[in-house]
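Here is the structure we will look at.
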Amino acid sequence: MYIGVDCGTQSTKVVVLDVEGERILGEASRPHRLIEGENGRREQRPGEWVEALRGALNEAVARAGIDSRAIRAIGVSGQQHGMVALDARGEPVHPAKLWCDTETAAQNAELVARLGGEAGCLDKLGLVLQTGYTASKLAWLRDTRPDAYHRIDSLLLPHDYLNFWLTGERVTEAGDASGTGYFDTRSRRWREDVFAEIAPELDPPRVLPRLIEAHEPAGTVRPELARELGLANDVLVSSGGGDNMLGAIGTGNIRPGLVTLSLGTSGTVCAHSPEPVVPDSAMVANFCSSNGGWLPLVCTMNVTSATTRVRELFGLDLATFGERLASAPIGAEGVTVLPFFNGERVPMLPEATGSFLGLTSVNTTQANLCRAVVEGATFGMRYGLELLGGLAEGASQIRLIGGGAKSPVWRQMVADITGTQVICPEITDAAALGAALQAAWCHQREQGVTLEQLCTRLVHLDERSLADPDPASVAAYQGVYARYREALAERHAVA
């Protein structure tokens with residue numbers, strides 16, 4: 001038995017995977033609170049992640065109906081880019097600033113300039129720094145909270161922090177480290193010279209976690225914690241990784257030819273590559289994967305977070321929102337939404353706000369506004385697919401995950417807007433499954449078991465979710481997408 005954990009923005013989810021039986025035996029989740037403030041501040045308290053993990057793990061094991069001592073390994077997926085700065089006692093010096101925090105836009109722009117612009121970033125890091133990466137968060141802490149900054153003893157990412165709580169070890173792996181902004185994604189090593197530009201007072205060998213390979217264990221569960229959780233004394237904790245990396249594993253996207261697209265709080269689109277990618281656009285992140293290759297990725301910041309705002313504005317439950325969405329025509333009778341409520345990373349508009357365009361006395365209806373915000377979020381994903389170029393153009397199928405993937409109307413919309421077949425894994429919370437698969441790989445690797453074998457056996461596709469693009473709808477969306485791009489161009493011109 002293996003445990004997979006996904007610590008996301010809204011909750012921590014835990015699954016219990018029976019590898020021999022090839023099924024999920026139990027799952028549970030616990031919510032987190034989001035601390036929001038002016039200027040794009042979005043933070044969480046790491047202690048809440050720990051409590052959520054503890055509660056969800058106990059419930060998932062109880063639901064699985066197994067003896068917890070049968071668990072052999074645990075894998076942890078975490079939201080990327082978050083800054084967890086700890087003091088010498090292992091306590092946070094400040095709440096964790098999250099991937100969706102845009103308060104550090106000014107620090108990011110300054111860092112990009114100091115590193116030599118986009119060309120300098122690509123030369124040093126293999127990608128271009130974005131607002132939301134860990135680097136600008138650390139610079140922000142140095143600028144605005146010097147007392148907290150000078151107490152830093154170690155710097156971890158969210159999944160690293162949970163591994164630290166589980167094992168007492170401060171380690172990380174290349175996939176999640178790729179999103180820090182002080183890691184060379186091509187050579188898979190820390191760039192201490194870049195780190196010195198961000199935090200000259202901190203000693204990298206002391207404060208940065210030790211790098212391990214994706215197949216290596218982070219450690220074993222601490223004896224006192226194992227007793228508390230009812231686990232055996234030798235439970236491995238795998239390297240883990242960022243939610244996008246583990247989500248790719250959970251969809252079987254560990255070889256070229258597939259695309260994983262996530263309709264979560266944020267939106268991501270990624271494709272596996274066996275070698276580093278030199279992107280044509282600064283908005284494509286040449287991340288490493290959490291299975292030894294690379295995972296070029298594009299991230300948009302407003303997907304279900306945007307649709308939820310509109311849904312809650314009208315006081316609609318999910319079912320009614322889906323009905324409104326389905327009742328409006330393609331193009332929402334001329335309404336266009338740029339759903340940048342949280343600023344935006346792709347396109348690169350960190351200080352943007354949401355816009356509802358083309359409203360008239362005739363088309364301003366609940367149904368059209370619901371449809372337009374979902375279309376706007378999906379157009380952002382098509383924009384990201386186009387940025388991936390050849391990696392996405394040759395894809396035969398999109399593996400769709402995240403909360404939005406549960407909507408049949410939205411699945412068909414993705415197929416029609418991208419012109420590509422769409423299908424969901426049976427487990428749409430793929431990051432938790434990917435974490436469990438990585439844990440099994442870590443535990444069984446010495447017996448010759450490969451991650452590809454595990455994915456082939458355990459990543460099951462839901463044939464009922466299959467959506468093929470409808471030619472008439474594909475044609476209709478061409479004009480609507482062109483309207484979206486025109487609105488986007490005008491926003492860029494203003495910015």
Side-chain angles (χ1 to χ4, degrees), residues 4 6 8 13 15-19 21-29 60 63-64 243 246-255 257-265 267-271 303-304 307-308 311 316-328 330 370-371 374-375 377-378 381-382 385 392 395-437 454-474 477:
D6 178 34
K13 297 172 280 291
V15 300
V16 180
L17 176 66
D18 176 3
V19 168
E22 300 185 5
R23 59 198 180 108
I24 297 292
L25 294 180
E27 53 189 305
S29 67
R63 288 186 173 183
D243 51 359
L246 276 298
I249 292 174
T251 63
N253 188 358
I254 60 172
R255 56 180 172 78
L258 296 175
V259 165
T260 298
L261 194 153
S262 174
L263 300 175
T265 305
T268 57
V269 55
C270 59
V303 182
T304 61
T307 62
T308 298
R311 179 175 63 80
L316 305 176
D317 59 24
L318 280 169
T320 308
F321 181 81
E323 291 170 4
R324 299 287 192 276
L325 171 63
S327 68
I330 289 174
C370 292
R371 179 96 190 183
V374 177
E375 287 182 343
T378 311
M381 303 308 298
R382 172 171 168 176
L385 273 170
S396 58
Q397 192 178 76
I398 291 175
R399 303 269 173 99
L400 200 63
I401 60 174
K406 297 174 183 177
S407 164
V409 179
W410 205 341
R411 291 197 298 268
Q412 188 62 52
M413 185 184 293
V414 173
D416 293 338
I417 287 176
T418 64
T420 306
Q421 185 185 81
V422 165
I423 194 167
C424 297
E426 289 183 357
I427 305 297
T428 57
D429 291 324
L433 174 60
L437 289 169
L454 289 167
C455 287
T456 299
R457 288 177 52 209
L458 294 154
V459 177
H460 303 142
L461 300 179
D462 182 0
E463 296 298 331
R464 297 168 301 175
S465 71
L466 184 69
D468 284 308
D470 173 69
S473 298
V474 171
Y477 269 121

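Just so you know, these numbers use all the heavy atoms, side chains as well, and skip hydrogens, waters and symmetry mates.
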For the student: nearest non-hydrogen atoms of G250 and L437, plus distance: CA-CD1, 4.4 Å

D416 side-chain N/O to D470 backbone N/O, donor-acceptor pair under 3.5 Å: yes

Non-hydrogen atoms of D462 and I423 that approach each other most closely: O-CG1, 3.6 Å

Main-chain N/O of E27 paired with R63 side-chain donor or acceptor, under 3.5 Å: yes

Any I254 side-chain heavy atom under 4.5 Å of I249 side chain: yes

G264 backbone acceptor or donor facing T304 side chain under 3.5 Å: yes

For the student: nearest non-hydrogen atoms of R371 and L325, plus distance: NH1-O, 3.2 Å

Contact summary for C424 and S465, nearest pair of heavy atoms: N-OG, 2.9 Å

Check: L316 and C370 side chains under 4.5 Å, non-hydrogen atoms: yes

Check: R411 side chain, A467 main-chain N or O, donor-acceptor pair, under 3.5 Å: no

Nearest heavy-atom neighbours spanning G252 and L258: O-CD1, 3.9 Å

Contact summary for M381 and V303, nearest pair of heavy atoms: SD-CG2, 4.3 Å

